[in-house]
Every structure is written in C-alpha cells, then in structure tokens.
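These notes concern the structure reproduced below.
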Amino acid sequence: MTEEHGTAAPAHESAAPDAAPADAGATAPAGTSGRRTPLSLRELVLVVVLGVVFGFLYWVFVQAWNGLAIAMGPAGDLAQHLVFGSWLLVAPVAIAILRRPGVGILAEMLAAVIEVVFLGSPVGPLLLLSAALQGIGSELPFALTRYRRFGWGVFAASGALGAGLVFFWTAYRMGWYGQDLLALRLGVQVLSGIVLGGLLARVIVRALERTGVLADFAIGAAGAARIPERRVR
C-alpha cells in the first residue's frame with residue numbers, strides 16, 4: 001500500500017438452477033443486509049481467506065508500483081498514487097459478498113497483517129492504522145445505504161473515500177503538506193481509488209457471483225430473493 005505498504009443466510013435451495021446471478025447493483029432485500037448478529041463461522045472463514053489472498057496480492061501490487069516508479073523517471077514519486085486503488089480492493093469485495101457491518105475494515109486489516117507479519121512490510125505496525133482508515137473510508141458509502149445498494153456509484157464512492165481518507169494521514173506522515181504537488185497527489189490517488197478500488201472491485205464481485213461460489217452467502221441469498229420478481233414481470 002504505497003509507503004504504507006512498502007454465513008449470511010444461504011440461498012434458497014428451491015431457486016431454479018438456470019436462474020441468472022443477481023445484479024450486484026440492485027437494492028438488496030431488507031432481510032439480507034446490514035444484520036447485527038455476529039458473523040457465522042463460514043463468514044469469518046471467508047473474511048480470513050479474502051484477507052490472506054489480498055494480502056499477498058497487495059504485495060504483488062507493491063512490486064508493480066516499484067517497477068512503475070522506475071519507469072516514470074523523475075515523476076516516479078507519483079507512481080504510488082496511480083496504483084493506490086489496487087490496495088483498496090478487499091474491503092468492497094468483502095462487503096458486497098457478506099453485506100455485514102465491519103467486514104470491510106476487518107478484511108483490510110487482515111490483509112495488512114499478512115503484509116507486515118509474513119511479507120515483511122518495512123512500514124511495520126503503522127500499516128495497520130493505514131489499513132483501518134482505508135477500510136473505514138471504503139465501507140462508509142455502503143453503510144450509508146444500510147448495506148442495501150451495490151451499484152457502480154456506491155462502489156465508486158467507496159474507492160474515492162477509501163483513497164481520500166488515508167491520504168491525509170499519509171501526507172502528514174510523509175511531510176507532503178506545503179508541497180506544490182499536494183493537490184495533484186490527492187487527485188490522482190482518489191481517481192485511482194475510484195477506478196481500481198471501486199469499479200474494479202464491482203467487476204470482481206460480479207465475476208465471482210457468476211461462478212456460483214457465493215450462493216451460500218448474503219449476495220446469493222439476495223439474488224435468490226429477487227428471482228420470483230423477475231418471473232412475475
């Protein structure tokens with residue numbers, strides 16, 4: 001992550017097998033979103049798996065950032081902002097699948113733990129604070145909809161806030177305040193958050209949903225609940 005990185009209700013078995021996957025941009029039924037009950041073991045396992053997988057992917061993105069910085073020459077310091085959105089992916093993915101409060105923050109922090117403990121991030125424990133800020137920013141737009149809307153706009157807002165909120169902490173830690181490039185840094189990072197951390201996350205969720213592997217989680221239950229509506233129409 002730039003310098004910071006150096007069971008919901010199961011799908012109904014009676015649903016028709018040839019039904020198309022639910023539209024992730026539609027409004028989720030009230031009974032499948034934002035529940036306050038503790039996470040089930042299945043949901044916890046999924047969050048851990050996402051955290052581990054994306055923790056390793058984030059390390060790969062760090063290597064991509066380093067290569068891009070070299071290729072950009074004198075402008076290489078801006079490379080981190082261009083790819084920053086890739087370090088926001090796990091939060092909206094986890095939220096869209098489970099539709100539970102806090103899972104985005106938890107998934108981001110687990111990914112940071114993987115980077116620090118297993119991949120030797122030079123940032124150390126400070127990375128956990130950055131991950132928490134990213135998770136909070138990424139989760140807020142979904143929380144404002146009570147975890148019921150998962151369209152392109154909500155995902156884009158998730159990426160923008162995730163990238164923007166942590167920027168101010170990073171700018172303080174890295175001494176960017178007062179620099180002429182401060183506004184440019186922020187703008188590029190927010191744009192990257194929208195594209196890579198928001199819109200790409202929705203593409204990933206839709207791709208996973210089409211495979212059917214998410215049928216036993218909240219996103220699958222929401223899709224099953226909407227199938228009768230489509231047939232009536």
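In this chain, residues are counted from 1 in sequence order. Computed from a predicted structure; not experimentally measured.
- Using a 4.5 Å heavy-atom cutoff, the side chains of Val116 and Val123 are not in contact.
- Contact detail for Gly193 and Ala163: the closest heavy-atom pair is CA-CB, 4.0 Å.
- Minimum heavy-atom separation, Ala201 to Pro92: CB-CG, 3.6 Å.
- Sorted by first and then second residue, the salt bridge (Lys or Arg N to Asp or Glu O under 4.0 Å) pairs involving residues 125-143 (not counting sequence neighbours) form an empty list.
- The hydrophobic cluster containing Met174 also contains Leu182, counting ILVMFWY residues as joined when their side-chain heavy atoms lie under 4.5 angstrom apart, directly or transitively.
- Leu89 CG to Leu50 CG: the interatomic distance, rounded to the nearest 0.5 Å, is 11.0 Å.
- Every ring-ring contact (aromatic ring centres under 6.0 Å, His included) that Phe142 has, sequence neighbours left out, goes to Phe150, Phe155.
- Interatomic distance, Gln189 CD to Ile194 CD1, rounded to the nearest 0.5 Å: 11.5 Å.
- Heavy-atom minimum distance, Leu161 versus Pro141: CD1-CG, 3.6 Å.
- Atom CD1 in Ile97 sits 6.5 Å away from atom CD1 in Ile219 (nearest 0.5 Å).
- In terms of heavy atoms, Gly159 sits closest to Leu88 at O-CD1, 3.6 Å.
- Using a 4.5 Å cut-off on side-chain heavy atoms (C-beta onward), Phe56 and Val52 make contact.
- Taking CG of Leu78 as the start and CG of Leu181 as the end, the distance is 6.0 Å to the nearest 0.5 Å.
- Under the 4.5 Å side-chain heavy-atom criterion for Ile, Leu, Val, Met, Phe, Trp and Tyr, Leu144 and Leu133 are members of distinct hydrophobic clusters.
- Within the structure, the salt bridge (Lys or Arg N to Asp or Glu O under 4.0 Å) test picks out no pair touching residues 154-169 (sequence neighbours left out).
- To the nearest 0.5 Å, the span separating CD on Gln63 from OH on Tyr58 amounts to 15.5 Å.
- Nearest heavy atom pair, residue Gly104 against residue Ala91, reads O-CB, 3.6 Å.
- Partner of His81 under the side chain to side chain contact (heavy atoms under 4.5 Å, CB included) criterion, out of Leu184, Leu191, Val188: Val188 alone.
- Grouping the Ile, Leu, Val, Met, Phe, Trp and Tyr side chains by contacts below 4.5 angstrom, directly or via other members, places Leu214 with Val49.
- Atom CD of Gln134 sits about 11.0 Å away from atom CE of Met109, to the nearest 0.5 Å.
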Dump the intermediate steps for side chain to side chain contact (heavy atoms under 4.5 Å, CB included) on Leu200 and Val195, then the final yes or no. CA-CA 6 Å; Leu200 179 58; Val195 176; over 6 Å; no
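- Under the 3.5 Å distance criterion, the side-chain polar atoms of Ser86 are left unmatched by any main-chain donor or acceptor of Leu196.
- Within the structure, every pair that satisfies the salt bridge (Lys or Arg N to Asp or Glu O under 4.0 Å) test and touches residues 174-201, not counting sequence neighbours, is listed here: Asp77-Arg185.
- Note: the hydrophobic cluster containing Leu127 also contains Leu129 (ILVMFWY, side chain heavy atoms under 4.5 Å, direct or indirect links).
- For residues 53-63, there are no salt bridge (Lys or Arg N to Asp or Glu O under 4.0 Å) pairs, not counting sequence neighbours.
- You'll find the side chain of Glu43 stays beyond 4.5 Å of the side chain of Val103, heavy atoms only.
- Using the six-membered ring where Trp is involved, Phe84 and Trp87 have ring planes that are perpendicular, over 60° apart on the 30 and 60° scheme.
- Ala218 and Leu98 get closest at one heavy-atom pair: CB-O, 3.3 Å.
- Here the side chains of Trp152 and Val203 are in contact, with some heavy-atom distance below 4.5 Å.
- For Leu186, the side-chain contact (heavy atoms from CB on, under 4.5 Å) partners at least two apart in sequence or on another chain are Phe167, Phe168, Val190.
- Within 6.0 Å of atom OH in Tyr177, more than 12 heavy atoms from other residues, nucleotides or ligands are found, so the atom counts as buried in its surroundings.
- One hydrophobic cluster holds both Val90 and Leu57 under the rule that ILVMFWY side chains link at heavy-atom gaps under 4.5 Å.
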